[in-house]
Amino acid sequence: MILVTGGAGFIGANFVLDWLSLMGEPVVNLDKLTYAGNLENLASIQGDARYTFVQGDIADGGRVRELLAQYRPRAVVNFAAESHVDRSIHGPDDFIQTNIVGTFRLLEAVRVYWGSLAAADRETFRFLHVSTDEVYGSLSASDPAFDETHRYEPNSPYSASKAASDHLVRAYHMTYGLPVLTTNCSNNYGPYHFPEKLIPLMVVNALAGKALPVYGDGQQVRDWLYVKDHCSAIRRVLEAGQVGDVYNVGGWNEMPNIEIVHTICALLDELRPRADGRYYREQISYVADRPGHDRRYAIDARKLEHELGWRPAETFESGIRKTVQWYLDNPQWIDRVQSGAYRDWIRIQYAE
Ligand code: NAD
Ligand code: DAU
């Protein structure tokens, strides 16, 4: 079996669902259930004998050691993190605690467990750390895309904390020989994406008749990848990645934010036209920019393609249509995640 951390969040939940349906191997999901963790994402596998949920913190070394001893996984896949850049600007503490201290404690527990395995199991064991392209900083319009040798230049408390976690993972390999793999991925989108992030926020605000807040000039570029493609890349790296290596994962799909917002508006005009006959893009509102806002991310995913034969399956056109349709089909999911805590965050972030 494998141990997944943070499996009740956006990418982790998609990964667990796909893992069980495609691989069939049992999975234990350790998740603290912060505001971003949602067991409803995993409702379809509740009661599946191959799936175990444990509520807990990756920073609780004792708890992690117990779980490793009890379930004896052949691999650990670490998704658990605080993941929202804007929240890291308002309050970095949780990011330092989970992304740095939490990753450290998890690594420590895994190192001890790995050291206790029989030689053959030690050989095949893997610790896969899920990281982000944001650790590389920001590109200008003419810069080549980030490859795995790009220097680390994180600009937000979030990306700095993820960079620190990447360094710890690397150090545990170099110092202790822990068989690690790291993936640095670009922006994901798809089902179960929490509506604090650009794409789901635009969909839910548009449907609620609210403003669509675009930061600054809306010309920041992100490289979008459908979440199921990220999950397939992680499975492939786990299966065949070179121990100690880093793999960049991206969608070959760079797009300015304003274009993303226009695409969502056009899809909603087609799929759920406004009752008053007007266009969703009329709801767009330019707001103050994010401090330290990275201008452009772009991933060079050629290593993953050449060495492991991975390419994204979804185009942006098909992926964004599926995603918008998923939100239209799941209004209860939206209602339930928009709890009191969610409303507080929206009030703080979009006060003006
Ligand atoms: P998310 O915020 O949706 O989910 C994070 C999950 O981790 C939640 O279920 C939360 O409850 C859990 N968690 C948080 N702190 C924990 C702790 N201390 N112990 C145990 N569980 C904890 O995040 P996401 O978007 O699914 O991202 C998952 C991972 O992928 C993160 O490491 C993130 O840095 C990375 N990543 C995300 C993207 C993206 O576009 N979303 C892109 C590249 C990499
Ligand atoms: O690149 C990978 C990263 O992508 C992950 O590591 C992060 O966990 C994930 O949150 C994401 O970070 P971003 O900051 O790029 O994603 P976000 O959806 O917050 O913002 C995408 C772009 O849209 C960014 O340029 C900021 C802009 N934006 C965002 C929000 C929430 C707006 O213009 N308005 C908004 O209201």
Side-chain angles (χ1 to χ4, degrees), residues 4-15 29-39 41-42 54-60 63-64 77-89 94-95 97-99 101-103 105-106 129-136 138 146 154 156 158-159 161-162 165-166 183-190 192-202 205 211-225 227 230 234 248-250 255-258 260-261 284-290 293-299 345-346 349-350:
V4 163
T5 71
F10 163 48
I11 305 173
N14 277 287
F15 181 84
N29 173 17
L30 170 67
D31 196 296
K32 186 177 174 184
L33 295 183
T34 66
Y35 78 92
N38 184 355
L39 288 182
N41 300 350
L42 300 158
V54 178
Q55 184 169 7
D57 189 336
I58 57 165
D60 181 349
R63 187 83 181 101
V64 177
V77 183
N78 182 31
F79 292 95
E82 290 293 336
S83 69
H84 191 32
V85 173
D86 294 321
R87 284 185 191 258
S88 83
I89 294 167
D94 290 345
F95 291 74
Q97 176 58 28
T98 285
N99 299 359
V101 178
T103 304
R105 295 226 194 287
L106 180 65
H129 181 60
V130 180
S131 194
T132 170
D133 59 359
E134 301 204 11
V135 298
Y136 299 126
S138 185
F146 301 126
S156 72
Y158 163 68
S159 53
S161 68
K162 289 296 289 187
S165 70
D166 293 6
T183 53
N184 291 85
C185 188
S186 61
N187 287 62
N188 285 212
Y189 68 99
Y192 308 113
H193 205 181
F194 194 81
E196 64 186 354
K197 309 281 169 64
L198 179 73
I199 288 181
L201 183 81
M202 293 300 151
N205 275 17
L212 307 180
V214 173
Y215 298 163
D217 62 4
Q219 292 301 330
Q220 301 81 10
V221 171
R222 297 291 182 266
D223 177 355
W224 293 94
L225 179 69
V227 63
H230 187 189
I234 292 169
N248 282 358
V249 188
M255 229 182 253
N257 293 337
I258 191 64
I260 297 285
V261 178
I284 292 173
S285 156
Y286 286 89
V287 300
D289 209 352
R290 171 185 281 174
H293 200 171
D294 288 334
R295 195 66 183 165
R296 173 178 167 239
Y297 304 141
I299 279 279
W345 162 249
I346 295 296
Q349 172 65 6
Y350 301 99

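Counting begins at 1 with the first residue of the sequence. Numbering of ligands and ligand atoms starts at 1, following listing order.
Here's the thing with Trp224: none of its N/O atoms is less than 3.5 angstrom from an N/O atom of ligand 2. Considering backbone and side-chain N/O of Ser186, none are found under 3.5 Å from N/O of ligand 2. Taking distance alone, with nitrogen or oxygen atoms compared against 3.5 Å, Leu198 approaches ligand 2 more closely than that limit. Note: no N/O pair closer than 3.5 Å links Asp86 and ligand 2 by distance alone. No N or O atom of Gln220 sits closer than 3.5 Å to an N or O atom of ligand 2. Here's the thing with Pro213: one of its N/O atoms is less than 3.5 angstrom from an N/O atom of ligand 2. Not a single N or O atom of Tyr297, backbone or side chain, sits closer than 3.5 Å to an N or O atom of ligand 2.
At the top of the distance list for atom 26 (C) of ligand 2, counting protein heavy atoms only, stands His293 NE2, 3.4 Å. For atom 14 (O) of ligand 2, the closest non-hydrogen atom on the protein side is Arg290 NH1, 2.6 Å. Scanning the protein for heavy atoms near atom 33 (O) of ligand 2, the closest one is Tyr215 N, 2.9 Å. The protein heavy atom nearest to atom 13 (P) of ligand 2 is Glu134 OE2, 3.4 Å. The shortest contact between atom 7 (C) of ligand 2 and any protein heavy atom is with Ser83 O, 3.4 Å.
Side-chain contact check for Glu82 and Tyr158: no donor-acceptor pair (N or O, by modelled atom type) lies under 3.5 Å. Side-chain polar atoms of Thr103 and His129 form no donor-acceptor pair below 3.5 angstrom. Donor-acceptor pairing under 3.5 Å is recorded for the side chains of Asn78 and Thr5. Judged purely by distance below 3.5 Å, without hydrogens or angles, the side chains of Asn184 and Asp166 pair a donor atom with an acceptor atom.
Close approach to Tyr158 involves these atoms of ligand 2, each under 4.0 Å from a residue heavy atom: 5 (C), 6 (O), 7 (C), 8 (O). Each of the atoms 19 (O) of ligand 2 lies under 4.0 Å from some heavy atom of His84. Distances below 4.0 Å separate heavy atoms of Thr132 from the following atoms of ligand 2: 1 (O), 2 (C), 3 (C), 5 (C), 6 (O). For ligand 2, the atoms sitting less than 4.0 Å from at least one non-hydrogen atom of Val214 are 33 (O), numbered in the order shown with element in parentheses.
Using a 4.0 Å heavy-atom cutoff, Glu196 is listed among the residues neighbouring ligand 2.
The heavy atom nearest to atom 23 (O) of ligand 2, considering only Ile299, Asn257, Asn184, is found in Asn257. For atom 11 (C) of ligand 2, the candidate residues are Val221, Asn187, Leu212, Val130; the nearest heavy-atom contact is made by Asn187.
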Evaluation steps, side-chain contact (heavy atoms from CB on, under 4.5 Å), between His230 and Val130: CA-CA 10 Å; His230 187 189; Val130 180; 3.9 Å; yes

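You'll find the side chain of Tyr192 stays beyond 4.5 Å of the side chain of Val227, heavy atoms only. Using a 4.5 Å heavy-atom threshold, the side chains of Val85 and Glu134 count as touching. Under the 4.5 Å side-chain criterion, counting only non-hydrogen atoms from C-beta, His84 is not in contact with Phe194. Taking 4.5 Å as the limit, some side-chain heavy atom of Arg222 sits within range of a side-chain heavy atom of Asn257. Under the 4.5 Å side-chain criterion, counting only non-hydrogen atoms from C-beta, Ile299 is not in contact with Val249.
Under 4.0 Å from any atom of ligand 1, one finds heavy atoms of residues Gly6, Ala8, Gly9, Phe10, Ile11, Asp31, Lys32, Leu33, Thr34, Ala36, Gly37, Gly56, Asp57, Ile58, Phe79, Ala80, Ala81, Ser83, Thr98, Val130, Ser131, Thr132, Tyr158, Lys162, Cys185, Ser186, Asn187, Asn188.
By the side chain to side chain donor-acceptor pair (under 3.5 Å) test, Lys197 pairs with Ser83, sequence neighbours left out. Qualifying side chain to side chain donor-acceptor pair (under 3.5 Å) partners for Tyr215, counting only residues two or more places apart in sequence or in other chains: Asp86, Gln349, Tyr350. Shown here are the side chain to side chain donor-acceptor pair (under 3.5 Å) partners of Tyr136, two or more places apart in sequence or in another chain: Asn248.
With salt bridges taken as basic N to acidic carboxylate O contacts below 4.0 Å, none links Lys162 and Asp133.
When heavy-atom distances to ligand 2 are checked against a 4.0 Å cut-off, Asp133 comes that close only through its side chain, counted from C-beta outward. The proximity of Leu201 to ligand 2, defined as any non-hydrogen pair under 4.0 Å, is limited to the side chain.
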